[in-house]
Amino acid sequence: MSAPLPPVLKPLTQFLNQARILEKHDLLMAYYCRYYAVQLGIQLRNKAGANADPVSKKALIELMDKMDQDKTKLGPILSEEGMGRDYVEGFSLRIFNMADNEDREGRANMDTAKNFLAASVFLDVLKQFDEGPLPEDLLDKQKYSKWKAADIAKAIKAGVQPKAGPAGGEDTPAQQPSPSSSSSSLSPSMHPQGMDHQPTPGFPSFSSAPFSNVDSLPSASSSSPGFPSFPSVPSSSTGGGAPSSSSAGGHSFPSFPSAPGHPT
């Protein structure tokens, strides 16, 4: 999107920023970021009711036009049953593990903070595949990611070395459990660059992120050396299985499972 988002759609910013970063490296993940943004945008417009201005509807239509273009490029991969959830979960954990390992080795920098924050965003994107909240283990990782992002950024801005690992100062992480059943069937080719899909334990469970307001932390940029490069998804001229954003004679909003109702 070229124009700034209207106020009612501001919460979409973090997902659209990540989509722009990823689209040249991993179009599939960028597509799912935009897909979740549209879901969220419809819910926000419905909640706003009469206060949802026409500009927000136009913005969502532009997003769906972009999704239609990407859908054509991605082809039948979008219609593979169960693939989307596995791919997004695996991608999220790949970014989380990369940041967590870097942090535990005492090499945390601002890129580490950005990647922790990106991992928390990608775990939100995962919600489009399920009704209800994230599984507890993923929710713990998301809360920890937000806390670490803010904690690392705070230390760097104060001119001190970020403290490695969890708040409790655990020196040795617990033994890694087996991957969750929802991702264990993911083939190696589905993981970007041989994705390590092992969960990384050894951090506490927070009832809420101690530093939950991370809006001031910059999003990972395309020039960030800490953000990995992923191979592009092969282009295809055939259509996928995700809902289309257009209909005969004009645009209509797609019907999403978690989005009650459509904007008018």
Side-chain angles (χ1 to χ4, degrees), residues 1-48 52-74 78 84-85 87-89 91-92 94-96 111 113-129 134 142 145-146 149 192 212-224 226-230 232-233 240 242-246 251 253-254 256 258-259 262-263:
M1 290 182 59
S2 54
L5 288 172
V8 70
L9 298 182
K10 286 297 183 184
L12 278 58
T13 301
Q14 58 186 337
F15 306 107
L16 298 180
N17 283 346
Q18 294 300 339
R20 281 190 289 268
I21 292 167
L22 288 168
E23 62 185 343
K24 291 184 179 179
H25 308 289
D26 194 314
L27 185 59
L28 183 58
M29 190 63 194
Y31 178 89
Y32 285 124
C33 286
R34 289 192 176 98
Y35 193 106
Y36 183 71
V38 170
Q39 280 187 321
L40 180 59
I42 292 173
Q43 293 172 354
L44 291 170
R45 287 193 86 254
N46 289 343
K47 185 177 180 180
D53 58 79
V55 177
S56 61
K57 182 176 182 178
K58 180 181 178 182
L60 289 179
I61 290 174
E62 289 179 5
L63 274 177
M64 289 187 286
D65 284 342
K66 172 62 176 169
M67 287 170 56
D68 268 349
Q69 296 170 15
D70 293 344
K71 178 180 172 182
T72 300
K73 295 176 184 177
L74 288 166
L78 290 173
R85 192 194 190 286
Y87 194 88
V88 174
E89 181 178 347
F91 190 100
S92 304
R94 160 78 174 182
I95 304 301
F96 174 85
D111 288 326
K114 292 174 182 178
N115 285 333
F116 267 125
L117 189 59
S120 74
V121 172
F122 297 142
L123 286 169
D124 268 334
V125 172
L126 184 61
K127 294 176 183 177
Q128 68 186 272
F129 301 103
L134 290 170
Q142 186 179 52
S145 294
K146 292 179 180 179
S212 58
N213 183 11
V214 292
D215 292 339
S216 59
L217 186 65
S219 300
S221 65
S222 56
S223 60
S224 169
F227 201 81
S229 296
F230 298 98
S232 301
V233 177
S244 172
S245 68
S246 61
H251 292 276
F253 289 114
F256 295 109
S258 61
H262 304 276

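Basis for what follows: all heavy atoms, side chains included, without hydrogens, waters or symmetry-related copies.
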So how far is it from [X] [atom1] to [Y] [atom2], rounded to the nearest 0.5 Å?
{"X": "Cys33", "Y": "Gln128", "atom1": "SG", "atom2": "CD", "result": "8.5 Å"}
{"X": "Glu62", "Y": "Lys66", "atom1": "CD", "atom2": "NZ", "result": "12.5 Å"}
{"X": "Leu74", "Y": "Met67", "atom1": "CG", "atom2": "CE", "result": "10.5 Å"}
{"X": "Phe96", "Y": "Phe91", "atom1": "CZ", "atom2": "CZ", "result": "15.0 Å"}
{"X": "Leu27", "Y": "Gln69", "atom1": "CG", "atom2": "CD", "result": "10.5 Å"}
{"X": "Tyr32", "Y": "Leu126", "atom1": "OH", "atom2": "CG", "result": "11.0 Å"}

Completion exercise
Contacts satisfying salt bridge (charged side-chain N to carboxylate O under 4.0 Å, His left out) that involve residues 34-44 (not counting sequence neighbours) are Glu23-Arg34, Arg34-Asp70
Handout entry: Within 6.0 angstrom of Lys47 NZ, more than 12 heavy atoms from elsewhere
Key = no
Exercise for the section: Could you go through the side-chain contact (heavy atoms from CB on, under 4.5 Å) check for Gln18 and Ile21 one step at a time? Expected result: CA-CA 5 Å; Gln18 294 300 339; Ile21 292 167; 3.8 Å; yes
Exercise for the section: Under the side-chain contact (heavy atoms from CB on, under 4.5 Å) rule, collect the residues that match up with Pro11, sequence neighbours excluded. Expected result: Leu40, Leu44
Exercise for the section: May I ask you to say whether Asp124 pairs ionically with Lys127, meaning some side-chain N is under 4.0 Å from a carboxylate O? Expected result: yes
Practice task
For the residue pair Ile42 and Arg45, establish whether any side-chain heavy-atom pair is separated by less than 4.5 Å.
Solution key: no
Handout entry: Val88 side chain reached by Tyr35 side chain, heavy atoms, under 4.5 Å
Key = no
For [X] against [Y], the heavy-atom pair lying closest together:
{"X": "Leu16", "Y": "Leu63", "result": "CD2-CD2, 3.5 Å"}
{"X": "Ala59", "Y": "Leu9", "result": "CB-CD1, 3.8 Å"}
{"X": "Met29", "Y": "Phe122", "result": "CE-CD2, 3.6 Å"}
{"X": "Val8", "Y": "Ser56", "result": "CG1-CB, 3.5 Å"}
{"X": "Ser145", "Y": "Ser120", "result": "CB-CB, 4.1 Å"}
{"X": "Ala119", "Y": "Ser92", "result": "CB-O, 4.0 Å"}

Exercise for the section: Please report the C-alpha distance between Leu28 and Leu78 in whole Å, then the side-chain angles of each, then the deciding distance to 0.1 Å, and finally whether the side-chain contact (heavy atoms from CB on, under 4.5 Å) criterion is met. Expected result: CA-CA 8 Å; Leu28 183 58; Leu78 290 173; 3.7 Å; yes
Exercise for the section: Look only at the side chain of Asn17 and the backbone of Arg20, and say whether a donor-acceptor pair between them is shorter than 3.5 Å. Expected result: no
